[in-house]
Amino acid sequence: MTTFEEALAIVLAAVKPLGTESMPLDRALGRFLSADLISVYDSPRFDNSAVDGFAVRSSDIAKASKQSLVTLKVSDTVFAGDDATKAQLAAGESARTMTGAEIVGGADAVVMQEDVDFAGGSAVFSGPATRGQAVRKQGEEFRAGDLLIGKGAQCTPSVLSLIAGQGNGEATVGRVPRVAVIVTGSELAKPGAALAPGQIYESNSVALCAAVRSLTGSDAVALSVGDDAIQTREKFESIAEDCDVVVFSGGASVGEKDLVRTTLLEAGVVEKFWRVSMKPGKPVFFGVHTGGALVFGLPGNPVSAQVTFELLVAPAILKMCGAAECSQKFEQAVLGACIKRRPGRKEFLRATTRIEGGRVYADPLRQQESHMVSGLAMADRLIVVESDVDCLEAGEVVDTVQLRWKVTA
Ligand code: AMP
Ligand code: MG
């Protein structure tokens, strides 16, 4: 059986970049930059004031003290946005200067307004100023030509702010894949419909489409089919050419009605792996369609479907989007309770996070069977148990992965 690590490597190797597009910044949240963001301007762009106060030549007030006050004429007032490049302080002059306003020529410090007595066109100083005081120097943060954010970074609110701050109204970002989710199962009824005996409500399409949206900000197409080979093939072929990723749920295993894999092989999907030594997720299928779409067959159990999506499908989607980091990073946490289990497959146990005494604890949830659905909604982390391990004690440091569901508008 394919190991989880092999499976992930095979999936990522099959991903082809989708190309790029230009997006207005107000629509680029969550997208991934297609190129390094190189600054065009120095930051700050010009010397400006860090406070509301008075720009001075520091030598003019070098001897000022409470006992020996120094009075300077206020020759100018500069607001943020004013062009102060032509103004020049003469000896004995100061300029009222607001936060963000340009420093007038000749001035080399700003004294905050709270420390100055200002009346009748004069400013009275009761202490000296060091050179450069309260002056934000041009280029002190970065220079034109500096690297601000690397290619593949996600457009967060602050990354968008940086891009806008360099004068760009648009960002060049990776395209997002067109994804279809096909749920299989003759026992499935749509939420809202009456349940016939033996039926259950279908919940994977909403979960998997929401998971796609949380990664890409775009909707996936949801389709459903009964456990029928002809129907399954028809549905698949009706959308495969127009998709970058097709995700099946259910019918991936070895049951008599598990028809997804054979149907996909007949439809010209080239199998890359089937069955992975992981729990949940043993029956996972992965292949590539002749039209280029990556095709995943996930198990139907809602927990298995969501966990395998997170661990194997999400990395592929993120790589397609141009993300610099696409696989889950393992983070260490202290195990909150002992785990006993049958060794054999690498296991991902649902857990909640607790911070205590400055340490991060992962508390495994009680109900870990694949069909037990309630825990995943509470879980924010998966505890990773290596295939040969049969027991982990409370207090041991273990690898975990964070569940990164996030809500994208
Ligand atoms: P399967 O992988 O098709 O054998 O399905 C495994 C289990 O998950 C069965 O108990 C199914 O009834 C259930 N299941 C399959 N698909 C869904 C779905 N879309 N929503 C909820 N449960 C499902
Ligand atoms: Mg089924």
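Ligands are counted one by one from 1 in listed order, and the atoms in each one are counted from 1 as well.
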Polar side-chain atom of Asp108 near backbone of Arg131 as donor-acceptor pair, under 3.5 Å: no

Atom indices of ligand 1 within 4.0 angstrom of Tyr201 heavy atoms, with elements: 20 (N), 21 (C)

Sub-3.5 Å N/O-N/O distance, Ser205 and ligand 1: no

Atoms of ligand 1, numbered as shown, that sit under 4.0 Å from any heavy atom of Glu202: 18 (C), 19 (N), 20 (N)

Sub-4.0 Å atoms of ligand 1 with respect to non-hydrogen atoms of Pro302: 21 (C), 22 (N)

Enumerated ligand 1 atoms positioned under 4.0 Å from heavy atoms of Ser203: 18 (C), 20 (N), 21 (C)

Arg381 and Thr353: side chain donor to acceptor below 3.5 Å: yes

Candidate with minimal heavy-atom separation from atom 9 (C) of ligand 1, of Gln199, Glu187, His371, Lys257: Glu187

Salt-bridge contact Arg136-Glu140 (side-chain N to carboxylate O under 4.0 Å): no

All side chain to side chain contact (heavy atoms under 4.5 Å, CB included) counterparts of Thr232, not counting sequence neighbours: Val225, Phe248, Thr263

Identity of the nearest option to atom 17 (C) of ligand 1, non-hydrogen atoms only, from Val181, Leu208, Asn204: Asn204

Shortest protein contact, atom 6 (C) of ligand 1 (heavy atom only): Asn301 N, 3.6 Å

Ligand 1 versus Ser249: contacting region, heavy-atom distance under 4.0 Å: side chain

Heavy-atom gap Ser253 to ligand 1 smaller than 4.0 Å: no

Arg96 and Gln113 side chains, donor-acceptor separation under 3.5 Å: yes

Arg345, Lys279, Met278 screened by side-chain contact (heavy atoms from CB on, under 4.5 Å) with Phe4, the one that passes: Met278

Shortest protein contact, atom 4 (O) of ligand 1 (heavy atom only): Asp258 OD1, 3.9 Å

Residues Asp42, Arg143: salt bridge by 4.0 Å N-O rule: yes

Aromatic plane relationship, Phe236 with His289 - under 30° parallel, 30 to 60° tilted, over 60° perpendicular: perpendicular

Contact (N/O only, under 3.5 Å) between Gly300 and ligand 1: yes

Polar proximity ligand 1 side, Gly251 side, N/O cut 3.5 Å exclusive: yes

Salt-bridge criterion met for Arg261 and Glu271 (N-O under 4.0 Å): yes

Heavy-atom nearest neighbour in the protein, as seen from atom 22 (N) of ligand 1, with distance rounded to 0.1 Å: Ile200 CD1, 3.5 Å

